[in-house]
Amino acid sequence: MINPVVQQRLDQLRDLLHAKLYTEVAIALTELAEPLFWHGATQTLISLFEQIPPEERNTHPSLLIAVGDAWRLHYDLHRAGVYYQQAFKVAEASEDLITQACALCRQALLCWRRGDTVGAVELYERASNVLQPVAADHTVWDDFNNGYALALSSLGQLAEAEQLLQRQLRVFQRRGDLGGQRMMLHNLGIMIYLRRGDFQAAESTLREALCLATASQQRHGEAYVLNSLAYTLNSQSRSSEALSLSRQAQVIGEELLAPNVIAYACFNQAYALYRKGELQAAESACQQALAHVQSALSSPLRSEILLLQAQLQQEHNPAYAYQIAQRALAAARLQDDLWTIGLCLLSVARLCIRVKQYDQARDALQEACTLFERYGDRYNILQCHLLTAHLAQKEEQWSALSSHVQALLVYLNPYPELATESTDLLFELLISAIHHDPETITRLQSLTVSWGNTFKPLMRKLLSHPDEQIHR
């Protein structure tokens with residue numbers, strides 16, 4: 001619903017169109033672009049733009065960028081790129097440094113979305129060179145700092161990315177720009193804290209972003225934050241909460257005709273349903289998610305949907321699940337997002353262990369652990385160690401297994417959800433270690449009793465075991 005003030009300006013603009021005052025129309029539409037984005041009225045922007053004759057509309061670089069943004073939100077990256085390139089040419093001819101840099105940043109964002117992270121970094125560096133004479137608090141740095149941070153996060157350079165996002169957040173706070181603050185908080189939560197395995201920081205930051213999106217009635221922004229919050233809660237096995245939030249995001253996505261918002265929401269619902277044991281409903285939601293992901297995009301989301309499908313298949317058809325996981329990994333490598341590649345490698349390793357391809361499992365785990373160490377992602381590093389222990393068990397490397405089990409019981413303490421989720425595997429590994437390596441008991445005696453609070457389900461299983469040695 002467009003508010004009365006914006007609607008009045010739209011009516012005035014249509015009067016200018018009717019009078020064929022096209023220069024005035026282009027200027028007015030450029031000024032109206034941001035309010036239209038806030039209200040999800042991107043199709044209105046495109047429609048009005050196309051009523052301006054080409055010889056007039058193609059001379060306004062800021063308007064060209066706005067229309068490119070509208071097509072980007074409609075997931076037509078090719079058409080968005082055409083407008084960004086045209087905007088750069090017009091700005092370059094008029095020696096407009098600010099708009100040149102804006103156009104370069106938008107092109108870089110498209111490169112990142114397509115999976116060309118190296119190309120994105122090169123374009124951001126070009127934009128930085130163009131902006132050298134421009135003051136650091138100018139609004140043109142907004143897109144640069146945010147977009148460059150996203151590219152750096154994809155490359156695992158989280159410290160540099162966080163620094164850019166925090167700097168830009170402070171700028172938006174000084175300006176009182178709620179939309180900008182929401183975007184920075186969202187990206188800090190999902191692209192920095194979550195990728196470090198810091199679920200508490202990710203959740204609190206995303207909830208703050210959601211409050212800002214709701215207060216400023218930014219529907220697109222609200223949907224993105226709802227989805228990212230649902231993703232974070234799913235990572236903590238809080239399935240019911242994730243299901244509720246993702247359904248809210250889907251309603252907004254359908255309202256705004258935003259297919260990737262709907263796809264993300266359906267994926268989050270599928271994951272939550274999988275965690276709740278509703279496998280058929282989860283598979284159906286996965287299919288809906290894939291149907292809404294645009295085929296032109298090599299998206300990390302596509303990879304994660306395929307990964308979930310592999311998990312759904314792994315019990316009754318591990319060979320087919322392995323094939324799906326390999327497809328997910330191939331898609332992630334195209335996108336060149338290292339964190340998503342790590343997730344895919346974990347899934348491939350898990351399935352390789354199931355089908356007894358131990359050498360491939362070891363290679364996948366080594367690469368995954370290297371990538372997650374680059375991010376400082378403690379949660380997924382633990383996942384690597386858990387699977388490495390499982391691999392040691394399968395290969396009957398008992399001393400290594402004993403060491404891995406001890407390390408896991410120490411380092412899993414901050415992650416009770418993962419500890420609970422892994423109870424059956426931990427129990428199996430611990431029993432094997434105790435039976436095959438006498439040193440295991442000695443190593444475990446060095447643990448403090450506090451770890452038992454995290455591992456209550458495991459403790460119950462151990463105490464019900466018939467072997468008295470296990471009880472001791």
Side-chain angles (χ1 to χ4, degrees), residues 2-3 5-113 123-124 126-127 130-131 134 138-147 175 177 179-180 183 218-221 256-258:
I2 295 175
N3 72 37
V5 174
V6 175
Q7 186 60 55
Q8 183 180 17
R9 292 172 67 185
L10 274 173
D11 293 340
Q12 292 168 350
L13 189 149
R14 290 189 174 101
D15 290 341
L16 294 172
L17 259 178
H18 184 71
K20 299 183 179 180
L21 299 172
Y22 296 122
T23 300
E24 288 82 352
V25 171
I27 293 169
L29 189 55
T30 303
E31 294 170 351
L32 258 179
E34 188 171 355
L36 290 174
F37 281 128
W38 286 351
H39 289 85
T42 49
Q43 191 57 55
T44 301
L45 172 64
I46 292 169
S47 175
L48 290 168
F49 172 81
E50 290 177 346
Q51 294 177 57
I52 305 171
E55 61 272 15
E56 179 63 42
R57 70 192 188 202
N58 289 337
T59 62
H60 296 266
S62 295
L63 180 56
L64 290 166
I65 289 173
V67 174
D69 289 346
W71 282 115
R72 177 167 53 83
L73 287 172
H74 284 271
Y75 308 101
D76 190 334
L77 300 195
H78 173 74
R79 203 173 300 195
V82 169
Y83 284 113
Y84 294 153
Q85 289 170 10
Q86 177 67 20
F88 179 78
K89 289 177 183 176
V90 175
E92 189 177 37
S94 62
E95 299 183 348
D96 179 350
L97 297 181
I98 302 298
T99 312
Q100 282 181 58
C102 284
L104 287 170
C105 286
R106 295 304 205 284
Q107 290 178 65
L109 184 59
L110 291 190
C111 280
W112 178 73
R113 289 284 299 278
L123 283 164
Y124 281 121
R126 279 181 63 192
V130 169
L131 288 172
V134 179
H138 194 286
T139 56
V140 71
W141 288 102
D142 299 357
D143 285 343
F144 175 86
N145 287 334
N146 181 53
R175 288 189 204 148
D177 183 339
M183 187 188 303
Q218 298 170 350
R219 298 294 278 165
H220 261 111
L256 299 177
L257 303 176

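All residue numbers refer to positions in the sequence shown, counting from 1. Worth saying up front: this structure is predicted, and the values here are computed from it rather than measured.
With sequence neighbours left out, the side chain to side chain donor-acceptor pair (under 3.5 Å) criterion links Q86 to no other residue. For F37, the ring pair (Phe, Tyr, Trp, His ring centres under 6.0 Å) test picks out no residue, with sequence neighbours left out. For V134, the side-chain contact (heavy atoms from CB on, under 4.5 Å) partners at least two apart in sequence or on another chain are I98, L131, H138, V140, W141. Partners of A80 by side-chain contact (heavy atoms from CB on, under 4.5 Å), not counting sequence neighbours, listed by chain and number: W71, R72, Y84, L110. The side-chain contact (heavy atoms from CB on, under 4.5 Å) search around T139 returns D142, R175, not counting sequence neighbours. Looking at residues two or more places apart in sequence or on another chain, you find a side chain to side chain donor-acceptor pair (under 3.5 Å) between R219 and E222, E255. R126 is linked by a side chain to side chain donor-acceptor pair (under 3.5 Å) to nothing, counting only residues two or more places apart in sequence or in another chain.
Summarising the geometry, atom CD belonging to Q8 is positioned 12.5 Å from atom CG belonging to L13; distances are rounded to the nearest 0.5 Å. Between the CG atom in L64 and the SG atom in C102 there is a gap of 12.5 Å [rounded to 0.5 Å].
For residues 87-107, every residue pair satisfying the side-chain hydrogen bond (donor to acceptor under 3.5 Å, both in side chains) rule, not counting sequence neighbours, is listed here: D69-R106, D96-T99, R106-D143. Pairs engaging residues 14-28 under the side-chain hydrogen bond (donor to acceptor under 3.5 Å, both in side chains) rule: T23-E56 [sequence neighbours left out].
Heavy atoms only, all atoms of each residue included: Y124 and C105 are closest at OH-O, 3.7 Å. What you find for T30 and S62 is that their closest heavy atoms are CG2-CB, 3.9 Å. The shortest heavy-atom contact between V6 and P35 is CG2-CB, 3.9 Å.
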Kindly list each side-chain donor-acceptor pair under 3.5 angstrom involving residues 45-55, sequence neighbours excluded, with atom names and distances?
| unit_1 | atom_1 | unit_2 | atom_2 | d |
| --- | --- | --- | --- | --- |
| Q51 | NE2 | S47 | O | 3.3 |

* Could you walk me through whether V90 and N58 pass the side chain to side chain contact (heavy atoms under 4.5 Å, CB included) test, one step at a time? => CA-CA 8 Å; V90 175; N58 289 337; 5.8 Å; no
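A 4.5 Å side-chain heavy-atom check between L109 and N146 finds every atom pair outside the cut-off.
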